[in-house]
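Before any comments, here is the structure.
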Amino acid sequence: MHVLILGGTTEARALAGLLHGSAGLRVTSSLAGRVTSPRLPAGEVRIGGFGGVDGLVDWIRAHAVDAVIDATHPFAEHISFNAAAAAATAHVPLLALRRPGWVPVEGDDWRSVASLEDAARALDGLGDRVFLTTGRLGLAAFAACPQWFLVRSVDAPDAPMPARTEILLDRGPFTLDGEREILARHGVDVLVTKDSGAAATAPKLTAAREAGIPVVVVRRPPVPDGVPVAATPEEAAAWALGSSGSQSRSW
């Protein structure tokens, strides 16, 4: 059985590690190639896009893929909907692996918004020094904002971006002490983030709560209709291994 993992996330690497070496199971992880020097998972790896739904369907058929697991970032909406369409066309089962989202606790001051554009509008009156942790893509939504921005990303972002911007190149996981230090050193008075979930980037939320800093949280897009969801790599691995052991292929 051949399982294609659409990856690039910590959970995707963990899943590949759980499945690699299983008897009768071939695992291929596909990375989009948007990050320089990505952390590679165990097993076979391909890097680059498929060329849309039709290209993914062709790849699935050409490489005799039996099941697809969409373990991309929770905000990789376009890839997820392409995966759903391609799996349906190629008649292969699809599972979405999605880490649980963050949940506010007592003391948090969160403002939930639907998009980066809404996040930019929500900044009015919240603060003048923004810690922006939404990644290097989508900065154009903030280009017209008058606030000062500290933008953290793995790779250097491209223009357009806010006129008053400082770039911080870094890769998680991040520590609570490190996040506290960033907020204090840069005089941050508002945090903007996506609800990506996971513990690796959660310390910034604790640091903001401790400092009494408001947080603008961009809600994640929904998983395509009809696609089952696993919350952990272990659940996804059990699904794949269960499928490989099913002689009836009754997904």
Of all the heavy-atom pairs spanning [X] and [Y], show the shortest one and how long it is.
X: A240; Y: V3; result: CB-CG2, 4.4 Å
X: P157; Y: L139; result: CB-CD1, 3.4 Å
X: V65; Y: V68; result: CG1-CG2, 4.0 Å

Given 3.5 Å as the limit, does a donor-acceptor pair link the side chain of [X] with the main chain of [Y], or not?
X: D195; Y: R220; answer: no
X: R46; Y: G49; answer: yes
X: R99; Y: S196; answer: yes
X: R98; Y: D70; answer: yes

Evaluation steps, salt bridge (Lys or Arg N to Asp or Glu O under 4.0 Å), between D108 and R209: CA-CA 5 Å; D108 282 326; R209 180 171 63 250; 3.1 Å; yes
Do we get R152 above F174's six-membered ring, with its NZ or CZ under 6.0 Å from the centre and within 45° of the axis? yes
Could you state whether [X] and [Y] fall into the same hydrophobic cluster, counting links through intermediate Ile, Leu, Val, Met, Phe, Trp or Tyr residues with side-chain heavy atoms under 4.5 angstrom apart?
X: L123; Y: M161; answer: yes
X: W239; Y: M1; answer: yes
X: I182; Y: W148; answer: yes
X: L150; Y: L176; answer: no
X: V190; Y: V188; answer: no

Let me see the working for L241 and L25 under side-chain contact (heavy atoms from CB on, under 4.5 Å), right down to the final yes or no. CA-CA 8 Å; L241 293 172; L25 197 64; 3.8 Å; yes
For the side chain to side chain contact (heavy atoms under 4.5 Å, CB included) test, which of L205, L126, V216 pairs with L191?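 Of all the options given, the one that passes is L205.
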Is it the case that atom CG in D54 sees more than 12 heavy atoms from other parts of the structure closer than 6.0 Å?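 Counting neighbours around CG of D54, 12 or fewer heavy atoms of other residues, nucleotides or ligands fall under 6.0 Å, so no.
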How long is the straight-line distance from SG of C145 back to CZ of R164, given to the nearest 0.5 Å? 11.0 Å
Can you tell me how far apart OG1 (T28) and NE2 (H2) are? Round to the nearest 0.5 Å.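 T28 OG1 to H2 NE2: 3.0 Å, rounded to 0.5 Å.
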Kindly assign one of parallel, tilted or perpendicular to the pair W59 and H63, based on the angle between their ring planes and the thresholds 30° and 60°. parallel
Between the side chains of T175 and D177, is a donor N or O closer than 3.5 angstrom to an acceptor N or O?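 No pair is found: no donor N or O on one side chain lies under 3.5 Å from an acceptor on the other.
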Under 3.5 Å, is there a donor on one side chain and an acceptor on the other for T89 and R61? no
